[in-house]
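Computed over heavy atoms, backbone and side chain alike; hydrogens, waters and symmetry mates excluded. Proteins come first, then strands; the chains are lettered A, B, ... in the order of their sequence lines, and each starts at number 1.
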Amino acid sequence: MLSAIATLTQRLEQALVQAFGDDLAGTDPVLVPASNPKFGDYQANCAMALAKRLKDKPRAIAEKIVANLAVTDICEPPEIAGPGFINLRLQTSYLEAQLAAIEGDERLGVAPVTSPQKVIVDFSSPNIAKEMHVGHLRSTIIGDSIARVLEFVGHDVLRLNHVGDWGTQFGMLITHLRTACPEALTGSEHVAIGDLVAFYKQAKQRFDEDEDFKARSRAAVVELQSGDDSARQAWQVLCDQSRQEFQKIYDRLDIRVTERGESFYNTLLSDVVEGLKTQSLLVEDQGAQVVFLDGFTNKAGDPQPLIIQKSNGGFNYATTDLAAIRYRTQQDGAERILYVVDAGQANHFNQVFQVAGKAGWVPEKVELSHVPFGLVQGEDGKKFKTRSGETVRLKDLLDEAVGRARTDLESRIAAEERQESDEFIQSVAETVGLGAVKYADLSQNRTSNYIFSYDKMLALQGNTAPYLLYAYVRVQGISRKGGIDWQNLGADAAIHLEDESEFALAKHILQLDEVITEVAQDLYPNRLCQYLFELSQKFNQFYDRCSVLQAEERQRTSRLMLCDLTARTLQLGLSLLGIQVLERM
RNA sequence: GGGCCUUUAGCUCAGAGGAUAGAGCAACCGCCUUCUAAGCGGUCGGUCACAGGUUCGAAUCCUGUAAGGCCCGCCA
């Protein structure tokens with residue numbers, strides 16, 4: 001099914017050609033949703049822009065377009081307003097037909113893309129030997145949602161967890177453990193993740209303070225990267241421990257991601273060096289192998305290099321990222337590679353992409369894209385930390401959100417004198433709490449910093465997960481009360497729009513397609529959130545004004561169908577955000 | 001020194017070339033004998049950081065300035 005905006009755009013393009021000839025073929029009619037409902041549903045803004053080119057007044061141009069515009073099957077007669085806006089209002093019969101068409105469609109009218117792409121979404125990426133913390137929250141949630149949207153529209157998505165399982169941190173850790181806790185490196189389960197974190201901190205401290213330790217750590221990295229047995233074994237133990245912990249978080253958040261860490265590319269690193277050398281891009285500078293960059297200078301104003309191979313022979317993450325680009329384009333056949341990584345690494349990605357481009361490793365049809373997001377800050381605007389100043393562990397953060405949701409739910413149940421099982425309470429608290437954490441993050445434009453607030457995300461009113469979940473629950477309440485079988489509303493069941501709030505709701509439901517298409521392209525999940533919030537608002541207005549179960553027949557069935565479509569749209573939309581719905585709350 | 005990001009209502013944020021700049025929260029005022037009031041309606045609230053420019057039209061694009069944040073050689 002073609003969305004209204006797509007159909008009307010086509011018709012306007014045809015009208016432009018008919019009115020002004022083939023020269024206008026391919027002209028964008030600039031069709032956008034109306035800025036104000038009193039102007040109708042859509043407005044075409046091209047007449048003003050064409051005035052100069054066609055040497056005529058905008059209103060005259062608009063009139064010619066309208067005279068050639070064939071939309072009697074879709075719209076009321078178009079109106080020309082202001083300087084030359086063409087205002088279009090959808091016919092009730094068209095809306096009703098569109099609703100009937102999506103009623104039987106599981107995808108609610110959102111057609112899969114005609115040319116699916118192989119897309120890699122690189123997200124989450126915690127570090128081995130550390131616990132997942134608040135710093136991994138946004139990448140994990142945003143990356144998952146982007147992957148879900150791209151999968152839904154029909155792309156072949158490979159979700160990759162580029163875990164930090166390689167590099168200097170392991171040199172540090174292994175070197176430290178060899179003296180501090182050798183049994184941890186033997187392969188048996190001697191060390192819990194919490195201990196590892198403590199060891200990591202100790203190792204980091206020694207690394208920063210002790211030059212000798214630093215040198216031995218770097219040597220250990222080289223051992224590891226060259227395949228030394230004892231280093232490899234120690235590394236394996238550390239990775240297994242961490243992996244189990246990560247998986248608990250992913251399971252809880254209902255996130256699938258394939259681990260392919262930095263170590264995966266180890267054997268390909270020397271090829272990167274060779275490739276750059278062959279193309280004379282590689283230069284030796286202060287003992288390191290580097291590529292000088294265009295457009296980047298250091299503090300002294302000299303051209304800045306990207307280090308490919310360190311002076312001790314070790315590689316660093318730029319090298320790994322270059323190897324990954326080659327592997328992903330050549331072996332995985334990726335056409336679009338998305339890096340859901342914090343905005344602080346914009347420089348790094350620009351540099352790596354530049355070098356990959358210079359080396360000819362980015363085929364023309366491949367898009368490399370850093371999908372940046374801002375920092376998580378506390379309510380004081382500073383870095384989000386615990387009261388004692390520690391980094392907030394992701395597990396604790398989720399527990400806190402669920403715990404608060406539970407407390408709130410319990411007091412509500414008590415106030416309403418309801419009887420609910422503990423199982424119900426825990427299940428609702430989990431869905432509400434985790435949904436709130438995800439929604440709060442996703443509902444904000446990802447590029448800006450994000451002020452984290454339990455109170456705001458769990459608020460029952462406003463643009464929050466609980467508000468959306470409640471709208472869904474309301475439909476389920478109608479269903480229970482009326483004993484509704486949504487599959488069998490009757491053979492002649494149809495939607496008839498009458499009340500103003502029904503029109504508003506129906507039109508909004510039909511815009512799902514446009515929103516999802518936009519998110520799949522621009523990767524801003526907050527637009528989907530905004531859509532779902534407005535859908536919930538429009539549903540609540542409808543719910544307030546129009547009784548459903550008590551309505552006379554024909555209207556009753558029509559309204560039930562609107563309820564059903566609303567609930568299904570909410571469920572689908574929330575699922576693309578990684579949020580589950582509830583029958584009761 | 002260079003690069004990137006941010007600056008819109010008291011607070012948190014939408015808005016990415018169109019008509020009178022929106023929402024939520026907060027504050028205040030209404031609405032439950034009726035499908036869960038976790039709701040709905042209303043009032044209040046703006047020099048879109050500043051200065052130029054492009055355009056028929058700019059919060060939106062360009063240039064500059066200011067403030068804040070992040071990053072910049074052997075960590076990732």
*Asks:* Under 4.0 Å, heavy atoms only, any strand: does A:P466 hit a base, just the sugar-phosphate, or nothing?
*Replies:* nothing
*Asks:* If you pin A:W166 and A:Q541 to their nearest nucleotides in RNA chain B, which one's is more 5'?
*Replies:* A:Q541
*Asks:* Any idea which of B:C72, B:A76, B:A38 is nearest the A:N127 side chain?
*Replies:* B:A76
*Asks:* Determine: side-chain N/O of A:Q537 to OP1/OP2 of B:G24, distance under 4.0 Å, yes or no.
*Replies:*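 The answer is yes; a side-chain N or O of A:Q537 sits under 4.0 Å from OP1 or OP2.
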*Asks:* Looking at B:G73, I'd like to know if its phosphate oxygens (OP1 or OP2) sit under 4.0 Å from a side-chain N or O belonging to A:Y317.
*Replies:*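 No.
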*Asks:* Both A:K52 and A:V428 contact RNA chain B. Taking the nearest nucleotide for each, which residue is further toward the 5' end?
*Replies:* A:V428
*Asks:* Can you tell me the Watson-Crick or wobble partner of B:U43, both distances under 3.5 angstrom?
*Replies:*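 Per the H-bond distance test, B:A27.
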*Asks:* Once each nucleotide of nucleotides 14-19 of chain B is scored for protein heavy atoms under 4.0 Å, what B/S/- sequence comes out, 5' to 3'?
*Replies:* SSB-BB
*Asks:* Does B:A16 pair with anything, Watson-Crick or G-U wobble, both distances under 3.5 Å, and if so, with which nucleotide?
*Replies:*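 Its partner: none found.
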*Asks:* For nucleotides 32-35 of chain B, give me every protein contact, N/O to N/O, under 3.5 Å, one pair per line with atom names.
*Replies:*
| residue | atom | partner | partner atom | Å |
| --- | --- | --- | --- | --- |
| B:U34 | O2' | A:Q550 | NE2 | 2.9 |
| B:C35 | O2 | A:L549 | N | 3.3 |
| B:C35 | N3 | A:V548 | N | 3.3 |
| B:C35 | N4 | A:Y543 | O | 2.6 |
| B:C35 | N4 | A:C546 | O | 2.9 |

*Asks:* With side-chain contact (heavy atoms from CB on, under 4.5 Å) as the test, pick out the partner of A:F170 among A:V221, A:T175, A:L224.
*Replies:* A:L224
*Asks:* Assess whether a salt bridge exists between A:K214 and A:D208, defined as any Lys/Arg side-chain N lying under 4.0 Å from an Asp/Glu carboxylate O.
*Replies:*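 Salt bridge flag = no for A:D208 with A:K214.
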*Asks:* What parts of residues 128-139 of chain A reach RNA chain B, counting only heavy atoms under 4.0 Å away?
*Replies:*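 Of all residues in residues 128-139 of chain A, none places a heavy atom under 4.0 Å from RNA chain B.
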*Asks:* Suppose you measure atom C1' in B:G22 against the same atom in B:G69; what distance do you get, rounded to whole Å?
*Replies:* 26 Å
